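Here the structure is a predicted model, which is why all the values come from computation and not from measurement. Values below: every heavy atom of this structure, side chains too, minus hydrogens, waters and symmetry copies. Both ligands and their constituent atoms are indexed starting at 1 by order of listing.
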Amino acid sequence: MRIGNGVDVHALEEGIPLRLGGVDIPHTHGLAGHSDGDALLHAIASALLGAMGAGDLGEHFPSSDPSLAGIDSREILRKVARMIGERGYELANVDASIVAQAPRLAPHRERMCASIAGCLGVPQERVSVKAATTDRLGFVGREEGIACFATALLVEAGGGVRSDAD
Ligand code: MG
């Protein structure tokens, strides 16, 4: 088994779309970034790379690469998911937290889990997304940005990941 963690933070900017977990979320502000700014998918991709010992996201998807400008981050996650299989691993589960003061994310959690599971090619039960605020403290509390954290566990492929469906 191999475990990895990932963190990502993006600044909130007025008048751009908010995308988290590959899902468009109605809000006055969106996440700025070289890509679509999807900090949740970046944190998850980073956790998966960490579990593989494969370096960091910037190494694989450099922000200096013009072909990645405005890229749909689901494409990044799909590429990292392919690496998992190529290296002989299987995703046991991924757990992620979004730290945001606004908007309320609970109504979008299911859709985010489904979108992430789709990119990773795993059943939705292996993906967990949670949301928290900072009680108005710090840059998150001032709604200047959103932080995302993720932990992922990989197992050797064919090792038999136990699922609730078993
Ligand atoms: Mg990022």
Side-chain angles (χ1 to χ4, degrees), residues 2-84 87 91 93-106 108-109 111-122 126-134 137-154:
R2 296 183 63 106
I3 196 164
N5 77 84
V7 177
D8 198 29
V9 174
H10 281 249
L12 282 164
E13 211 173 273
E14 196 170 1
I16 60 171
L18 176 61
R19 208 157 219 256
L20 280 170
V23 169
D24 290 313
I25 294 168
H27 192 43
T28 53
H29 291 62
L31 293 174
H34 183 63
S35 63
D36 60 4
D38 195 327
L40 177 57
L41 294 191
H42 298 174
I44 291 171
S46 175
L48 295 168
L49 289 175
M52 288 187 275
D56 64 30
L57 207 56
E59 221 170 281
H60 294 272
F61 306 96
S63 56
S64 57
D65 182 348
S67 76
L68 298 175
I71 192 179
D72 181 337
S73 295
R74 288 177 296 184
E75 203 42 57
I76 291 175
L77 194 56
R78 286 188 200 107
K79 280 188 181 156
V80 173
R82 277 198 291 278
M83 286 174 65
I84 295 172
R87 291 175 182 230
L91 177 67
N93 75 301
V94 57
D95 178 37
S97 295
I98 308 166
V99 190
Q101 194 62 48
R104 258 195 91 236
L105 295 170
H108 307 284
R109 257 172 3 108
R111 273 198 308 146
M112 286 192 257
C113 288
S115 153
I116 294 159
C119 293
L120 295 171
V122 299
R126 295 192 202 175
V127 178
S128 154
V129 173
K130 313 185 301 300
T133 72
T134 61
L137 291 170
F139 73 86
V140 167
R142 293 189 296 271
E143 300 183 35
E144 293 168 2
I146 288 178
C148 295
F149 301 84
T151 304
L153 184 71
L154 302 182

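- The shortest side-chain heavy-atom distance between Val127 and Asn93 does not fall under the 4.5 Å cut-off.
- Residues Thr151 and Asp95 have side chains that never bring a donor and an acceptor to within less than 3.5 angstrom of each other.
- With contacts defined as side-chain heavy-atom distances shorter than 4.5 Å, the pair Val7/Ser46 does not qualify.
- Within a radius of less than 2.8 Å around the Mg ion (ligand 1), the protein N, O or S atoms are Asp8 OD2, His10 NE2, His42 ND1.
- For Asp72 and Arg19, the salt-bridge test passes: some basic side-chain N is under 4.0 Å from an acidic carboxylate O.
- Using a 4.5 Å cut-off on side-chain heavy atoms (C-beta onward), Pro103 and Ile25 make contact.
- Contact check for Leu48 versus Leu120: side-chain heavy atoms found under the 4.5 Å cut-off.
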